[in-house]
J.: 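This is the structure I want to talk about, given as structure tokens.
Chain letters run A, B, ... following the sequence lines, proteins first, then strands; residues in each count from 1. Remember, predicted model here, so these are calculated numbers, not experimental data.
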Amino acid sequence: MQPERALPDKEKQFSEWYSEILERAELVDIRYNVKGFVVYRPNLMRIINLIRNELESSLISRGHQQVMFPIVIPMSYLRKEQEHVTGFEAEVFKIRAEEGEEELALRPTSETAMYPMYALWVHSYRDLPLKLFQTGTVYRKETRATKPLIRGREFFWIEAHDAFENKEQALTQVIEDIEITKEALRKFGLAFIVVEREEWDKFPGAEKTFAFDCLMPDGKVLQIATTHYLGTKFSKPFEVIYLDRAGEKKNVHQTCFGPGISRMAAAVISIHGDEFGLVLPFDVAPIQVVIVPIPKEGKEKEVIAKAKEVEERLEKIHIRTLVDASDERPGAKFYKYELIGTPMRIEIGEREVSERKLTFFRRDIRKRWEVEECELEVEVLKHKEDILKNLTNRSNEKLKNAIVRINTKEELKESNNKIILMNFCGNQQCAERIKYDTKGYEVRGSRIDKPEDVWGPCAWCGSEAKKVVIAARAY
RNA sequence: GGGGUCGUCAGCUAGUAUGGUUUAGGCUACACGGCUCGGGCCCGUGAAAUCGUGGGUUCAAAUCCCACCGACCCCA
């Protein structure tokens with residue numbers, strides 16, 4: 001082992017670790033040289049597509065259909081809902097209009113692109129619910145420092161936009177969106193908290209906003225998905241109206257759900273990774289098992305034949321397998337697949353062939369062991385589960401240890417890289433003071449996955465607390 | 001919006017203070033050949049940089065000056 005080639009310590013120097021892993025594992029290339037825009041390389045796209053498929057099939061199995069809307073939005077559409085424009089206009093990329101044409105915006109999100117069409121498509125309660133999603137990029141002209149996959153001016157996500165007859169149905173959808181996200185994050189082994197955002201911190205134009213936050217290694221939280229109840233705030237200006245069973249005109253109640261694919265990838269990379277590179281659970285691993293043949297002079301054929309045989313057996317049980325028979329040295333291959341996070345490795349050399357054994361290696365714990373060849377399938381499937389369990393436990397543990405309860409201003413000021421649980425008065429001014437006086441702690445909202453009862457006065461201002469909230473530094 | 005730091009092969013960089021023996025050097029990666037193969041071997045050879053762009057000063061500019069472009073950081 002050559003320590004000088006290991007990555008920096010993830011916990012101590014997260015930024016350095018993150019930049020290096022993105023480059024070394026060939027995930028992104030930042031040399032495109034436009035602020036906030038990076039190139040996604042094949043190793044990243046394969047992970048991203050697995051995340052994307054997971055979410056898309058989950059949406060489809062719950063009655064959504066896929067669409068694709070234009071990337072440009074006429075400014076007049078964007079301006080139809082007042083709070084919405086106000087929230088986004090500053091960071092919209094505009095395409096200057098030619099003489100006599102309308103100015104266009106690159107979509108910062110697609111409500112105002114989609115809802116004019118919804119108005120044309122929805123006439124009757126029979127057209128509802130309307131559940132559509134698209135996968136694609138959106139654009140926001142961030143002025144703050146950008147970080148690949150975490151804060152870009154272009155990002156890749158899914159947005160599902162649903163329309164219902166009434167509030168109850170819409171709120172049921174919000175719960176379903178939360179379920180979809182939880183399900184996916186469990187497959188990725190990521191710990192999370194779900195919060196309802198404060199009144200002033202909602203998505204521009206939403207009645208209610210719910211968000212998923214993951215804990216990054218530097219103690220900041222990363223919002224990786226949101227779902228919003230929009231009420232009739234958009235259906236009024238966009239006139240998305242249906243006739244109900246009594247023949248009465250009604251505005252639809254809408255929801256929108258935005259799981260961030262690039263941010264989920266960032267979370268998987270950051271939360272599971274270590275000083276040797278990525279650590280991927282099976283469900284997001286482009287290669288799940290890599291077979292490294294170890295040739296000895298004169299025995300190459302037997303070794304390769306055995307490797308191929310093992311590969312075939314694994315493919316039969318739908319394991320994404322690769323035999324790396326290139327002429328690099330075995331050691332170089334070991335490091336390479338550890339760098340890109342391949343969860344399991346099987347080494348096959350002369351010894352394995354003659355003893356009818358296989359040498360296994362697990363990326364998450366970096367341990368080797370031997371099993372009888374006949375145990376192959378059982379062993380792989382067993383460890384597939386075990387790896388996910390281990391990553392989940394680790395990640396849950398870190399989240400649990402980061403959450404602390406505080407009761408006073410002083411405790412909050414002294415907190416460092418913690419997720420704070422505190423009583424809160426509910427005032428925006430108070431939240432702004434907190435952010436200003438504590439080097440960036442933001443009130444993220446109240447947990448809905450683990451609700452808490454108020455146990456004292458507002459930890460900041462001392463007045464009566466209305467709720468218990470999470471406060472954290474955030475990306 | 002205000003302030004700062006920095007642009008040299010694909011990556012990391014030496015050289016810039018004091019302009020001139022530097023054919024702009026090294027390590028990694030890359031290509032070819034050899035030797036190997038149970039944790040990134042080793043040996044040899046090669047290719048690779050109009051020193052971010054444009055202008056200026058000078059006998060002479062990567063080095064000094066100006067402008068622009070780009071990246072990064074800090075503060076509001």
Side-chain angles (χ1 to χ4, degrees), chain A residues 1-8 13-39 41-43 89-91 141-154 218 220 274-278 290-304 306-307 310 323-342 344-363 365-371 373 432-440 442 473 475:
Chain A
M1 240 153 278
Q2 300 185 336
E4 72 274 13
R5 302 186 73 173
L7 291 155
Q13 318 177 56
F14 174 66
S15 258
E16 290 74 8
W17 178 88
Y18 187 69
S19 315
E20 265 206 52
I21 201 167
L22 291 181
E23 190 197 328
R24 280 213 229 162
E26 298 181 357
L27 298 169
V28 307
D29 202 318
I30 59 170
R31 291 172 297 182
Y32 195 73
N33 280 343
V34 181
K35 183 183 170 65
F37 291 84
V38 297
V39 178
R41 305 187 66 185
N43 285 349
E89 191 152 30
E91 49 186 49
K141 205 191 282 172
E142 294 285 351
T143 50
R144 283 197 276 172
T146 58
K147 217 183 194 69
L149 307 182
I150 290 175
R151 176 180 302 281
R153 302 214 283 189
E154 172 180 63
D218 58 355
K220 288 194 192 170
D274 64 19
E275 67 269 39
F276 294 93
L278 299 181
V290 63
I291 301 168
V292 178
I294 299 166
K296 253 254 156 62
E297 223 170 335
K299 301 277 185 186
E300 294 93 340
K301 271 192 191 138
E302 291 90 325
V303 167
I304 293 292
K306 180 60 71 186
V310 169
V323 176
D324 186 347
S326 66
D327 61 4
E328 273 175 303
R329 300 169 71 84
K333 292 179 192 173
F334 297 164
Y335 280 99
K336 176 178 163 191
Y337 291 98
E338 281 171 53
L339 177 62
I340 63 171
T342 308
M344 283 183 94
R345 175 173 85 221
I346 299 176
E347 299 167 23
I348 299 177
E350 185 196 8
R351 205 172 65 221
E352 284 80 3
V353 173
S354 63
E355 293 175 14
R356 305 190 62 78
K357 286 191 170 166
L358 296 169
T359 298
F360 276 78
F361 174 88
R362 246 173 77 169
R363 174 63 182 92
I365 50 177
R366 299 191 78 249
K367 290 246 163 63
R368 259 201 194 83
W369 74 98
E370 275 191 3
V371 296
E373 201 186 291
E432 278 164 5
R433 287 311 306 179
I434 292 173
K435 185 165 182 190
Y436 188 77
D437 287 350
T438 61
K439 282 273 171 198
E442 294 174 27
R473 297 194 308 127
Y475 275 104

J.: What's the spacing between A/I291 CD1 and A/T342 OG1 if we round to 0.5 Å?
T.: 12.0 Å

J.: Could you measure between the two C1' atoms, the one in B/rG7 and the one in B/rU13, and give it in whole Å?
T.: 13 Å

J.: A/F361 near the nucleic acid: base, sugar-phosphate alone, or nothing, with a heavy-atom cut-off under 4.0 Å?
T.: base

J.: Is the base of B/rG38 touched by the side chain of A/R329 through a donor-acceptor pair closer than 3.5 angstrom?
T.: no

J.: In the strands shown, is B/rC72 matched to any nucleotide by a Watson-Crick or G-U wobble pair with both distances under 3.5 Å, and which?
T.: B/rG4

J.: Suppose we define a pair by two distances each less than 3.5 Å, Watson-Crick or G-U wobble; what does B/rC64 pair with here?
T.: B/rG56

J.: Consider the side chain of A/A332, meaning its heavy atoms from C-beta on, and name the nucleotide among B/rG38, B/rC41, B/rG39 that approaches it most closely.
T.: B/rC41

J.: What's the gap between B/rC6 and B/rA47 when it is taken at their P atoms, as a whole Å value?
T.: 35 Å

J.: Report the base-pairing partner of B/rU21 (Watson-Crick or G-U wobble, both distances below 3.5 angstrom), or none.
T.: none

J.: On RNA chain B, check which nucleotide each of A/K336 and A/Y436 is closest to and give me the residue with the more 5' one.
T.: A/K336

J.: Say we look at B/rC35 and B/rU45: how far apart would their C1' atoms be, to the nearest angstrom?
T.: 15 Å

J.: Between B/rA29 atom P and A/E20 atom CD, what is the distance in whole Å?
T.: 14 Å

J.: As an exercise, state the distance from CD of A/E347 to CG of A/L358, rounded to the nearest 0.5 Å.
T.: 10.5 Å

J.: Using the C1' atom as the reference point in each nucleotide, state the distance between B/rC9 and B/rU28 in Å, no decimals.
T.: 12 Å

J.: So which nucleotide from B/rG39, B/rA76, B/rG11 ends up closest to the side chain of A/R345?
T.: B/rG39

J.: With C1' as the reference atom in both, quote the distance from B/rU16 to B/rC51 in angstrom, rounded to an integer.
T.: 11 Å

J.: Mind checking the P distance from B/rG52 to B/rA10? Whole angstroms is fine.
T.: 13 Å

J.: Can you find a donor-acceptor N/O pair under 3.5 angstrom joining the side chain of A/E338 to the base of B/rG39?
T.: yes

J.: State whether the aromatic ring of A/F334 stacks on the base of B/rG39, taking stacking to mean ring centres under 5.5 Å apart and ring planes under 30° to each other.
T.: no

J.: Which nucleotide, if any, forms a Watson-Crick or G-U wobble pair with B/rC27, using both distances under 3.5 Å?
T.: B/rG11

J.: How does each nucleotide of nucleotides 68-74 of chain B score, in 5' to 3' order, for protein heavy atoms under 4.0 Å: base (B), sugar-phosphate only (S), or none (-)?
T.: --SS-S-

J.: Just how far, in rounded Å, is C1' of B/rC41 from CG of A/D327?
T.: 14 Å

J.: With a non-hydrogen cut-off below 4.0 angstrom, is A/E300 in contact with a base, only sugar-phosphate, or nothing?
T.: nothing

J.: Using both distances under 3.5 Å as the test, list the Watson-Crick or G-U wobble partner of B/rC32, or none.
T.: B/rG44

J.: Nearest-Å distance, CD (A/E26) to P (B/rA10)?
T.: 16 Å

J.: Mind telling me whether A/Y335 and A/F276 have parallel, tilted or perpendicular rings, with 30° and 60° as the class edges?
T.: tilted

J.: Do A/E373 and A/R356 have side chains that approach each other closer than 4.5 Å (heavy atoms only, starting at C-beta)?
T.: yes

J.: Using atom types as modelled and distance alone, determine if a side-chain donor or acceptor of A/R153 lies under 3.5 Å from a backbone N or O of A/E142.
T.: yes

J.: Check whether A/Y337 forms a cation-pi arrangement with A/R363 (NZ or CZ under 6.0 Å from the six-membered ring centre, at most 45° off the ring normal).
T.: no

J.: Hey, does the side-chain of A/E347 have a donor or acceptor N/O within less than 3.5 Å of a partner on the base of B/rG39?
T.: no

J.: Rounded to whole angstrom, note down the C1' distance from B/rG4 over to B/rU8.
T.: 22 Å

J.: Picking from B/rG40, B/rG11, B/rG38, which would you name as closest to the side chain of A/E23?
T.: B/rG11

J.: Rounded to the nearest Å, what distance is computed from the CD1 atom of residue A/I30 to the C1' atom of nucleotide B/rG7?
T.: 13 Å

J.: Is there a donor-acceptor contact under 3.5 Å from the side chain of A/E352 to the main chain of A/G349?
T.: yes

J.: Can you check whether any acceptor in the base of B/rG11 is under 3.5 Å from a donor in the side chain of A/R24, or vice versa?
T.: no

J.: Within the 4.0 Å heavy-atom criterion, would you say A/R351 contacts the bases, only the backbone, or no part of the nucleic acid?
T.: base

J.: Rounded to whole Å, please give me the gap between CD in A/E352 and P in B/rG38.
T.: 13 Å

J.: Can the positive tip of A/R151 be found less than 6.0 Å from the middle of the six-membered ring of A/Y475, inside 45° of the ring normal?
T.: no

J.: Which residue in the set A/E302, A/K299, A/K306 passes side chain to side chain contact (heavy atoms under 4.5 Å, CB included) when paired with A/E350?
T.: A/K299

J.: What is the distance, rounded to the nearest whole Å, between atom CD of A/E328 and atom P of B/rC41?
T.: 8 Å

J.: Would you kindly give the CD-to-P distance between A/E275 and B/rG39, to the nearest whole Å?
T.: 19 Å

J.: Would you mind reading off the distance between A/R31 atom CZ and B/rG7 atom P, rounded to a whole angstrom?
T.: 18 Å

J.: Roughly how far, to the nearest 0.5 Å, is CG of A/L22 from CD1 of A/I150?
T.: 8.0 Å

J.: In whole Å, what separates the P atom of B/rC73 from that of B/rC30?
T.: 30 Å

